[in-house]
Amino acid sequence: MSERVIPLIDQRLKARAAVVPTTPIAATGLLGDALGRPLRDLRISVTDRCNFRCSYCMPKSIFDKDYPYLPHSALLSFEEITRIARQFVAHGVQKIRLTGGEPLLRKNIEILIEQLAALRTTEGRPLDITLTTNGSLLERKARDLKAAGLRRVTVSLDGLDDAVFRAMNDVDFPVADVLRGIEAAREAGLGPVKINMVVKRGTNEHEILPMARHFKGTGAVLRFIEYMDVGATNGWRMDEVMPSAEVVRHIHQELPLVQLEPSAPGETAERWGYADGSGEIGVISSVTQAFCRDCNRARLSTEGKLYLCLFATQGHDLKPLVRGGASDAELASAIAAIWQGRDDRYSELRASMPPDQSTGGRRIEMSYIGG
Ligand code: SAM
Ligand code: SF4
Ligand code: SF4
């Protein structure tokens, strides 16, 4: 029998246990990393499972029925997640995004949202709580999510053509159901809904204009994402990346665009408005234009490992502290020490990196730490 190699297994296991520094670091809301970047945005993966098999994220050949997903006992409980999130908020986090895997597959996710919605920023304001979903369960859940305290949702949708979308999600899931989910989110008050479209050259670039036409004037903000070299299983190739500049040019030819100011520091998307005032689109150029300089995002995996970059090869395991009796102050100190040591800027370095020095096949999967 031929041996099946799953490179990410080692990556998940490879994490340093977080340690409490001998000199405590008080939470002042003003924590900076080694490059002076503040900590503002926490992305929490609530499950490593998904009901889709998008080829750029969880290809079927690897994520099959024998794939060793995390056992339930390894997952952080909602109380543990909220406790960790509270320390991040004390260090300055203002925005929390729930992700996965498919976050709506996590049972009773509304309870977690309620707990997170009760947290307050260091200025005493509620957090901006959002969620990224493939939309498959959104029609059913939108109202409850809103009632629990969710502010907005981002829905991933890679095309309007049913055959193209069914092939990209690779589980034959129809476009119409996602569109109904988007509508339900809007009706529930989870807007403005952002729509994420990963553009893969040779697969769905012909869907760019139909998507732009469809969402123009609806209040939804369509964002085109460059296909990224995350993980180690999607067989990423540079020639399948369609640079955002090309996407903008393509849309501009038919639907004139003007560039808009960024809405917030550290914003990943470059904003463009329709010249006729009927709304805006965004482009996320993680491959062709690095935005590490302002990157204020931390990522917490489903099992409590902290990643300082989407392309990190190693996490910092907070679970031993959380389950080992550390106090809140100790946990906060440990998180502070990790963030203070952060000098990650993978996208900036990628362009100048010789292939043999790139992290190549050793990166963590997007479905594990979330987008
Ligand atoms: N399952 C949810 C979803 O699809 O929205 C949340 C998790 S998913 C990992 C988060 C985002 O990452 C999605 O918008 C997805 O399209 C994007 N994504 C996944 N793999 C990607 C890749 N290789 N390049 C660019 N974006 C990717
Ligand atoms: Fe699932 Fe989202 Fe990854 Fe697609 S992008 S496989 S929906 S986690
Ligand atoms: Fe942030 Fe890493 Fe992406 Fe740079 S490559 S923007 S540091 S997540």
Side-chain angles (χ1 to χ4, degrees), residues 33-35 37 39-41 43-60 62-63 97-106 130-138 153-159 165 168-171 173 178 181-182 193-200 203-204 222-237 240-242 244 266-269 284-287 289-299 302 307-313 342-351 353 359 363-371:
D33 73 5
L35 304 176
R37 297 169 296 187
L39 174 55
R40 292 281 177 267
D41 184 328
R43 302 189 173 195
I44 304 174
S45 174
V46 292
T47 176
D48 61 341
R49 291 162 199 255
C50 187
N51 53 345
F52 283 16
R53 286 292 174 275
C54 306
S55 57
Y56 52 73
C57 179
M58 295 181 78
K60 255 183 189 168
I62 303 283
F63 295 88
R97 178 176 295 280
L98 299 178
T99 177
E102 174 45 44
L104 297 186
L105 290 182
R106 180 83 188 245
T130 68
L131 177 146
T132 304
T133 172
N134 62 25
S136 57
L137 300 169
L138 197 52
V153 284
T154 297
V155 182
S156 304
L157 179 61
D158 295 330
F165 182 62
M168 282 186 85
N169 64 54
D170 212 10
V171 293
F173 197 87
V178 179
I182 293 170
V193 178
K194 288 182 184 160
I195 315 290
N196 276 358
M197 171 175 173
V198 175
V199 181
K200 206 173 161 189
T203 304
N204 66 339
L222 176 58
R223 302 170 344 144
F224 299 92
I225 305 180
E226 287 177 352
Y227 170 41
M228 283 186 284
D229 48 336
V230 282
T233 58
N234 63 8
W236 182 87
R237 294 203 330 247
E240 288 178 325
V241 177
M242 182 155 173
S244 294
E267 174 66 67
T268 47
I284 301 180
S285 320
S286 346
V287 178
Q289 233 182 344
F291 37 75
C292 303
R293 201 161 26 97
D294 295 323
C295 181
N296 53 22
R297 295 177 292 283
R299 293 179 160 83
T302 316
Y307 288 86
L308 302 175
C309 175
L310 188 51
F311 299 92
T313 51
R342 174 185 189 245
D343 62 358
D344 301 63
R345 51 188 189 103
Y346 175 81
S347 287
E348 268 180 20
L349 299 175
R350 179 204 280 117
M353 242 182 324
T359 48
R363 287 187 291 267
I364 204 78
E365 295 296 313
M366 190 105 157
S367 53
Y368 174 73
I369 53 169

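Numbering of ligands and ligand atoms starts at 1, following listing order.
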Check: At the 4.0 Å heavy-atom cut-off, does Glu226 count as touching ligand 1?
Finding: yes
Notebook entry, point to check: Are side-chain heavy atoms of Arg342 and Cys295 found at a separation under 4.5 Å?
Noted result: yes
Item checked: Residue pair Asp229, Tyr346: steps toward the side-chain contact (heavy atoms from CB on, under 4.5 Å) verdict -> CA-CA 11 Å; Asp229 48 336; Tyr346 175 81; 3.0 Å; yes
Notebook entry, point to check: Going by the atom numbers of ligand 1, which of them fall below 4.0 Å from some non-hydrogen atom of Thr133?
Noted result: 2 (C), 3 (C), 5 (O)
Notebook entry, point to check: Quick one: how many protein N/O/S atoms are under 2.8 Å away from atom 4 (Fe) of ligand 3?
Noted result: 1
Note to self: Would Arg297 and Arg97 count as a side-chain contact (heavy atoms from CB on, under 4.5 Å) here? Give the steps.
What the structure shows: CA-CA 10 Å; Arg297 295 177 292 283; Arg97 178 176 295 280; over 6 Å; no
Check: Of all the atoms in ligand 1, which lie at a distance below 4.0 Å from a heavy atom belonging to Asn134?
Finding: 2 (C), 3 (C), 5 (O)
Notebook entry, point to check: With atoms numbered from 1 as shown, which atoms in ligand 3 lie under 4.0 angstrom from a non-hydrogen atom of Arg297?
Noted result: 1 (Fe), 6 (S)
Next item on the list: For Asp41 and Arg43, run salt bridge (Lys or Arg N to Asp or Glu O under 4.0 Å): C-alpha distance rounded to whole Å, both residues' side-chain angles, the deciding distance at 0.1 Å, then the answer.
Entry: CA-CA 7 Å; Asp41 184 328; Arg43 302 189 173 195; 3.6 Å; yes
Next item on the list: Could you tell me if any non-hydrogen atom of Gly100 lies under 4.0 Å from any atom of ligand 1?
Entry: yes
Note to self: Looking only at distances, can you tell me whether any N or O atom of Thr154, backbone or side chain, sits closer than 3.5 Å to an N or O atom of ligand 1?
What the structure shows: no
Item checked: Atoms of ligand 1, numbered as shown, that sit under 4.0 Å from any heavy atom of Asn196 -> 14 (O)
Checklist line | Close side-chain approach of Leu104 and Leu131, heavy atoms under 4.5 Å | finding: yes
Check: Which atoms of ligand 1 sit under 4.0 Å from any heavy atom of Ile225?
Finding: 25 (C), 26 (N)
Item checked: Side-chain H-bond candidate by donor/acceptor type, Glu226 with Ser286, under 3.5 Å -> no
Notebook entry, point to check: Is any side-chain heavy atom of Asp33 less than 4.5 Å from a side-chain heavy atom of Leu39?
Noted result: no
Margin query: Contact between ligand 1 and Ser45 is defined here as a heavy atom of the residue under 4.0 Å from a ligand atom; is it met?
Written below: no
Notebook entry, point to check: Does the N or O separation between Asp158 and ligand 1 drop below 3.5 Å for any pair?
Noted result: no
Check: Side chains of Val230 and Tyr56: closer than 4.5 Å at any heavy-atom pair?
Finding: no
Note to self: For a side-chain contact (heavy atoms from CB on, under 4.5 Å) check, start with the C-alpha distance between Asp344 and Cys292, then their side-chain angles and the critical distance, and finish with the verdict.
What the structure shows: CA-CA 8 Å; Asp344 301 63; Cys292 303; over 6 Å; no
Checklist line | Pick from Gly101, Ser55, Ser156, Cys54: the one approaching atom 6 (C) of ligand 1 most closely through a non-hydrogen atom | finding: Gly101
Next item on the list: Compare all side-chain heavy atoms of Thr130 with those of Thr154 and state whether any distance is below 4.5 angstrom.
Entry: no
Item checked: Atoms of ligand 1, numbered as shown, that sit under 4.0 Å from any heavy atom of Val230 -> 22 (C), 23 (N)
Checklist line | Numbered atoms of ligand 1 (with element) below 4.0 Å of Thr99, judged on heavy atoms | finding: 6 (C), 7 (C)
Checklist line | Sub-2.8 Å protein N, O or S atoms surrounding atom 1 (Fe) of ligand 2 | finding: Cys50 SG
Next item on the list: Scan Ser156, Cys50, Ser367 and name whichever one has a side chain to side chain contact (heavy atoms under 4.5 Å, CB included) with Cys57.
Entry: Ser367
Check: Is there side-chain contact between Val178 and Val155, with heavy atoms separated by less than 4.5 Å?
Finding: yes
Note to self: Distance under 4.0 Å to a non-hydrogen atom of Arg299: what atoms of ligand 3 satisfy this?
What the structure shows: 8 (S)
Next item on the list: Would you check whether Tyr56 has a nitrogen or oxygen atom less than 3.5 angstrom from a nitrogen or oxygen atom of ligand 1?
Entry: yes
Next item on the list: Check each heavy atom of Thr132 against ligand 1 and say whether those closer than 4.0 Å belong to the side chain, the backbone, both or neither.
Entry: both
Margin query: Is there a polar contact, in the sense of an N or O pair closer than 3.5 Å, between Glu102 and ligand 1?
Written below: yes
Next item on the list: Determine the interplanar angle of the Tyr368 and Tyr307 rings, folded into 0 to 90°, and report it as parallel if under 30°, tilted if 30 to 60°, perpendicular if over 60°.
Entry: perpendicular
Check: So Phe173 and Phe52, would you call those rings parallel, tilted or perpendicular, with 30° and 60° as cut-offs?
Finding: tilted
Next item on the list: Could you name the option among Met58, Met228, Met197, Glu365 that has the heavy atom nearest to atom 23 (N) of ligand 1?
Entry: Met228
Next item on the list: Using a strict cut-off of 4.0 Å, indicate which atoms of ligand 1 neighbour a heavy atom of Asn234.
Entry: 23 (N)
Next item on the list: Mind running side-chain contact (heavy atoms from CB on, under 4.5 Å) on Glu365 and Phe63 for me, showing each step along the way?
Entry: CA-CA 11 Å; Glu365 295 296 313; Phe63 295 88; 4.3 Å; yes
Note to self: For a 4.5 angstrom cut-off between non-hydrogen side-chain atoms, does Ser347 reach Phe291?
What the structure shows: no
Check: When Glu102 is tested against each of Val46, Thr132, Asp48, Thr133 for side chain to side chain contact (heavy atoms under 4.5 Å, CB included), which residue passes?
Finding: Thr133
Notebook entry, point to check: Between the side chains of Arg37 and Asn296, is a donor N or O closer than 3.5 angstrom to an acceptor N or O?
Noted result: no
Item checked: Exercise: do Tyr227 and Asn204 side chains pair donor with acceptor under 3.5 Å -> no
